[in-house]
Amino acid sequence: MDYKKRNGGPFVGGASQAKRGKTAGEWEDSPSQFEEELSMFDEAEMDAEEMEGQAGHDVIPVGDLFSADLNPRWRRPLAPSLDPSSDTLVFQQIDLDYYLVAGMPGQLQGKVPIIRMFGVTDSGNSVCCHVHGFAPYFYVPAPSGFTSSHLGEFKKELNSAVLKDMRSNKDNISVTVLAVDITRKENMYGYHGKRSHDFLRITMAMPRLIAPAKRLLEQGFKFAHFPIQGYQPYEANIDFEIRFMVDSDVVGCCWIELPKGTYKVTLCQYEVDVGWTDLISHPAEGDWQRIAPLRVLSFDIECAGRKGIFPEADKDPVIQIASMVQRQGETEPFIRTVFTLQSCASIVGSQILCFTQEKQLLQSWAEFLRTVDPDIITGYNIQNFDFPYLLNRAAALKVNLFPYLGRVRGIKSVLRDLNFQSKQMGRRENKTVNMEGRVQFDLLQVLLRDYKLRSYTLNAVSYHFLQEQKEDVQHSIITDLQNGNEQTRRRLAVYCLKDAYLPLRLLQKLMCVINYMEMARVTGVPLTYLLSRGQQIKVVSQLLRQAMKQNLVMPVVKTEGGEDYTGATVIEPEKGYYSVPIATLDFSSLYPSIMMAHNLCYTTLLQKGSVEKQGLSPEDFIKTPTGDMFVKSSVRKGLLPEILENLLSARKRAKTELKKETDPFKRQVLDGRQLALKISANSVYGFTGAQVGKLPCLEISQSVTGFGRQMIEQTKQLVESKYTISNGYQGDAKVIYGDTDSVMVKLGVGTVREAMDIGKEAAEWVSSHFTPPIKLEFEKVYYPYLLINKKRYAGLYFSSSADTHEKMDCKGIETVRRDNCPLVANLINTCLQRILIDKDPQGAVAHAKEVISDLLCNRIDISQLVITKELTRTAQEYAGKQAHVELAERTRSMCWRTPFPSTHNTTWSSSCLSLSKQRVSCSVSSNPNTS
DNA sequence: ATGAAATCCTAT
DNA sequence: TGAGATAGGATTTCAT
């Protein structure tokens, strides 16, 4: 039930320590390791391919003009010609949007939406596929007495109401409602005896007309002789892209086939048109799990800022842009270039293009991007810095051909501010740049979403994941390097290249592309949604797909924050130091398995009075611990349990396939898949409890936690009742702690081996008391174990072997918290090691005293105390604020308190852990004068 | 001085 | 116009 990957341990914090700056003159001495790496690429290519008169390390002085023809390798492979009447076209779709065009013949002056899918074929050719004929729609229940004879009147009245509602009608639309049909559907919210009703399916001309039509019908609508009434809308809040994907069974990043004779080619590298019912979507199974050779571009820019001032696009020039391009699945970038302002000495393994005018540099780089035609663009903080800066700079210099960065000719890329806020991530101001057909994969955003780190600077992150760092160039000297000679500019170019290279390496190491693609495939949403939207859309997408099979429709609910509901139980800990093995038993996937075991779903919920109304007998339904009622699966199987079963069985399949698979690339895909499936299963519960959400249902979420509370209590009692001396066991078992889905048990045995054996037996025995698929599993043994408080403990972790511990596991203690400086984390960590590993509490106390005394006597270099109190603050470095660290207060009160009741007055007693009370506090202040 | 409320970040 | 959940410890800030 953890939602986020964790930072490995306390010591990676050192990553934020930059190498000491080199002094001037040291630059030219010896090539850096990175330069050697670059030159290796060059050699590899010299061997691999005949040089096409285009050396990899050329310096090209492009004085005025620039031509993509100079660089044949930038282009995509030549596209074999395609005959729509005899060839099928198969491609992997990676992005999807829609646009409006002047309407079909017969429809005056209106506009219709066309879905546009972008993708890549197996041979690496790009595809832009226009999907015609799909229109947005929503549902309302048909009023009583409604027959097909009323359709015309309803449509006419709604159409004129929507027209009247429009403030202006610039497009001169005359038809807003395209069609109204009667269809049998059932509301998915609540069990009503499987009775379907007449619904009106209202098809609108454009996606943006859905909202006004919905509002008008909701507020009260009158037509023909029917009385004025409000209509409950259904599925009127579904993004058009999702609507299309659900209806045509397309999932994110799946392969699409256009059979021969169904499409036509209109333009260049496979720009095709097809009807929406003609395209074939392949489920991501077997061969269709593969990934096309996507082009991934990573880039970084350098600006010549003024001393101490963060670069401003209207004043400070862009002086270099480094780019690296790699095909997904390959290990090295095949394009490595730097565009520089003024001359620059050559760098083996990369191509340098020098410009005398900044305007030409910018325009040429845009041309370069369009030529390379990347499917995915990455970099570090490109979303909030590089792209906005480039666009603003191009606007300031009036480089009019610059801001066309997408794959659709003529669409200008514009900068917009976007406010994104969620309870999870707080309020975050973001910028966006539209780039049709390309997925922007800003590595900083990925890391902020998926990893909890102490620092998010590129340097720290690279060190953490790659044990590698940036080239050593201080921001403050960039302008000086630019104003020097071609050697100093070369130094800058190497730095810039590395900043483009590191994101590429990280993307590969963390398998971001694969993992995100698998998530898109599993949940059915476009790749871009995964980075720009929250968790809910993924559940909505799955829910709609499952609902459609059963003719169920999803209501639009008004979002209204209500009362919080009760969550999980945390068993009161028996605090203390345990020098005996403690077994830990966990319910695996607790919340998903509760929902499956008890068939909890919107479609099975019995609302007030339903039992009587449906005439249900007590065997037909259950009453949950919170008093809510749901029908059993024998009456109707819920959608959510179905979704969860699919996810978990698919995960099991992926894991068995993973065991068999030997190809490393396919293994990565499978591993990404099983991870995506697990995360997806865990987010279903959160969706039902999200009170400001698309379809909250507190009856479900509070029942889930209610069952959970009951189960953990029962588990405690079962274990303590069976494993007793009177039942022939070595000791009386005692549950000393438990949180949500786990219990820590002192079994009264002396060895890890025994604790494991009894633990396994106990888990199995307890499981038999619960409804499948609920399952309690033995997970690990802690020996010894230090239980400080609720959600705060540490212990040596045994699971695979009874002989050696795998790690020292710390939960909730300062060592894992990022709001402490590393000094405190290190101190506590050392103390814990003394206590748990060396079994020497006096040693721990001695160490703590020593550190404190060193601190008080100024024997500790306070530059060690680089802290990142919160990640937003680190992120601010990108907004230009230099974090200046100072030691505000050396220690607080030096009191030593006894943390445990005197019953535990063992040698442990005066625990060093009380040091957390006197932790060193550092304050971070903004000081622009600091270099 | 003292306690309540707000803030932060973790556990699950 | 888009946002997963609650429990809970430790510390800081604010009000009295």
Side-chain angles (χ1 to χ4, degrees), chain A residues 1-4 6-7 208 210-211 214-215 236-239 418-428 430 449 452 454 529 532-540 556 558-559 561 563-573 575 584 586-591 679-698 700-702 704-706 708-709 712 737-744 779 788-793 809-820 824 868-873 888-889 892-893 899 913-919 921 923:
Chain A
M1 244 169 256
D2 53 346
Y3 298 100
K4 219 165 185 188
R6 299 299 152 126
N7 174 355
R208 72 169 155 87
I210 297 262
K214 171 207 154 209
R215 197 185 66 242
N237 53 352
I238 311 298
D239 301 283
L418 203 66
N419 244 339
F420 183 91
Q421 73 170 14
S422 78
K423 226 182 255 180
Q424 192 175 88
M425 297 192 280
R427 192 173 290 109
R428 195 162 282 157
N430 267 326
R449 258 178 194 260
K452 283 191 170 292
R454 282 204 148 91
Y529 277 39
S532 64
R533 305 278 293 266
Q535 303 293 320
Q536 295 206 33
I537 187 66
K538 297 192 281 189
V539 182
V540 169
V556 178
K558 44 185 184 295
T559 64
E563 298 254 302
D564 282 357
Y565 60 91
T566 313
T569 297
V570 182
I571 294 174
E572 192 58 43
K575 299 173 202 173
T584 303
D586 286 49
F587 285 103
S588 58
S589 301
L590 178 69
Y591 287 176
I679 296 171
S680 301
N682 280 333
S683 59
V684 172
Y685 153 76
F687 177 80
T688 66
Q691 297 187 44
V692 190
K694 278 261 158 71
L695 197 61
C697 181
L698 264 44
I700 297 176
S701 33
Q702 71 186 6
V704 169
T705 57
R709 290 193 297 274
I712 198 170
Y737 180 55
D739 186 345
T740 310
D741 61 354
S742 65
V743 285
M744 273 67 161
E779 198 171 83
I788 298 166
N789 214 334
K790 283 183 176 175
K791 298 184 193 289
R792 286 166 70 84
Y793 62 80
D809 205 18
C810 301
K811 292 289 161 72
I813 303 174
E814 275 70 9
T815 52
V816 297
R817 293 182 65 97
R818 297 172 301 167
D819 52 359
N820 281 264
V824 169
T868 55
K869 188 164 183 189
E870 57 195 5
L871 54 96
T872 49
R873 205 168 276 170
E889 223 179 305
R892 275 173 133 24
S893 65
L913 285 172
S914 61
L915 270 176
S916 63
K917 194 73 189 162
Q918 305 110 45
R919 55 188 246 226
S921 67
S923 78

Do A/D239 and A/R533 sit within salt-bridge range, that is, some charged N less than 4.0 Å from a carboxylate O?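 Here A/D239 pairs with A/R533 in a salt bridge, since their nearest N and O are under 4.0 Å apart.
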Check the distance between [N]'s [atom2] and [X]'s [atom1] and give it to me in whole angstrom.
| X | N | atom1 | atom2 | result |
| --- | --- | --- | --- | --- |
| A/F687 | C/dA5 | CZ | C1' | 13 Å |
| A/K538 | C/dA3 | NZ | C1' | 14 Å |
| A/I700 | C/dT6 | CD1 | P | 15 Å |
| A/L695 | C/dG4 | CG | C1' | 14 Å |
| A/K452 | B/dC9 | NZ | P | 8 Å |
| A/D564 | C/dA7 | CG | P | 7 Å |
| A/D739 | C/dA5 | CG | P | 18 Å |
| A/N430 | C/dA3 | CG | C1' | 14 Å |

Does A/T740 form a side chain to side chain contact (heavy atoms under 4.5 Å, CB included) with A/Y591? I'd like the steps, not just the answer. CA-CA 10 Å; A/T740 310; A/Y591 287 176; 3.7 Å; yes
Report the residue (A/Q691 or A/R817) whose heavy-atom-nearest nucleotide on DNA chain C is the more 5′ of the two.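 Mapping each residue to its closest nucleotide by heavy atoms, the 5'-most match is A/Q691.
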For A/T566 and A/K694, take the nucleotide of DNA chain C holding the closest heavy atom to each; which residue's nucleotide lies nearer the 5' end?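 Comparing both residues, the 5'-ward one is A/K694.
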What contact category does [X] fall into here, base, sugar-phosphate, or nothing, at under 4.0 angstrom with non-hydrogen atoms?
| X | answer |
| --- | --- |
| A/T569 | nothing |
| A/Y793 | sugar-phosphate |
| A/V570 | sugar-phosphate |

Between A/K214 and A/V556, which heavy-atom pair has the shortest distance, and what is it?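 For A/K214 versus A/V556, the nearest heavy atoms are CE-CG1, 3.9 Å.
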Smallest separation among heavy atoms of A/P573 and A/N789, with atom names: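 It is CG-C, 3.9 Å.
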Please state whether the phosphate of [N], meaning OP1 or OP2, lies under 4.0 angstrom from any side-chain nitrogen or oxygen of [X].
| X | N | value |
| --- | --- | --- |
| A/K791 | C/dG8 | no |
| A/R792 | C/dA10 | yes |
| A/R818 | B/dT10 | yes |
| A/N789 | C/dA10 | yes |

Who pairs with A/E572 by salt bridge (charged side-chain N to carboxylate O under 4.0 Å, His left out), at least two apart in sequence or on another chain?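 Partners of A/E572 by the salt bridge (charged side-chain N to carboxylate O under 4.0 Å, His left out) criterion, ordered by chain and then number, come out as A/K790.
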Answer yes or no: is there a side-chain heavy-atom contact under 4.5 Å between A/I700 and A/Y685?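 They are not in contact (no side-chain heavy atoms under 4.5 Å apart), so the answer is no.
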Does a side-chain heavy-atom distance below 4.5 Å link A/N682 with A/V684?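 Answer no - side chains too far apart.
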Overall bend - the helix from B/dA1-C/dT16 to B/dT12-C/dA5, comparing terminal axes fitted on five pairs, nearest 10 degrees: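 End-to-end axis angle for the helix from B/dA1-C/dT16 to B/dT12-C/dA5: 10°, rounded to 10°.
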Of the options C/dG9, C/dG2, B/dT12, whose atoms approach the side-chain atoms of A/K811 most closely?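 Closest of the options to the side chain of A/K811: B/dT12.
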Could you walk me through whether A/R709 and A/T566 pass the side chain to side chain contact (heavy atoms under 4.5 Å, CB included) test, one step at a time? CA-CA 10 Å; A/R709 290 193 297 274; A/T566 313; 3.5 Å; yes
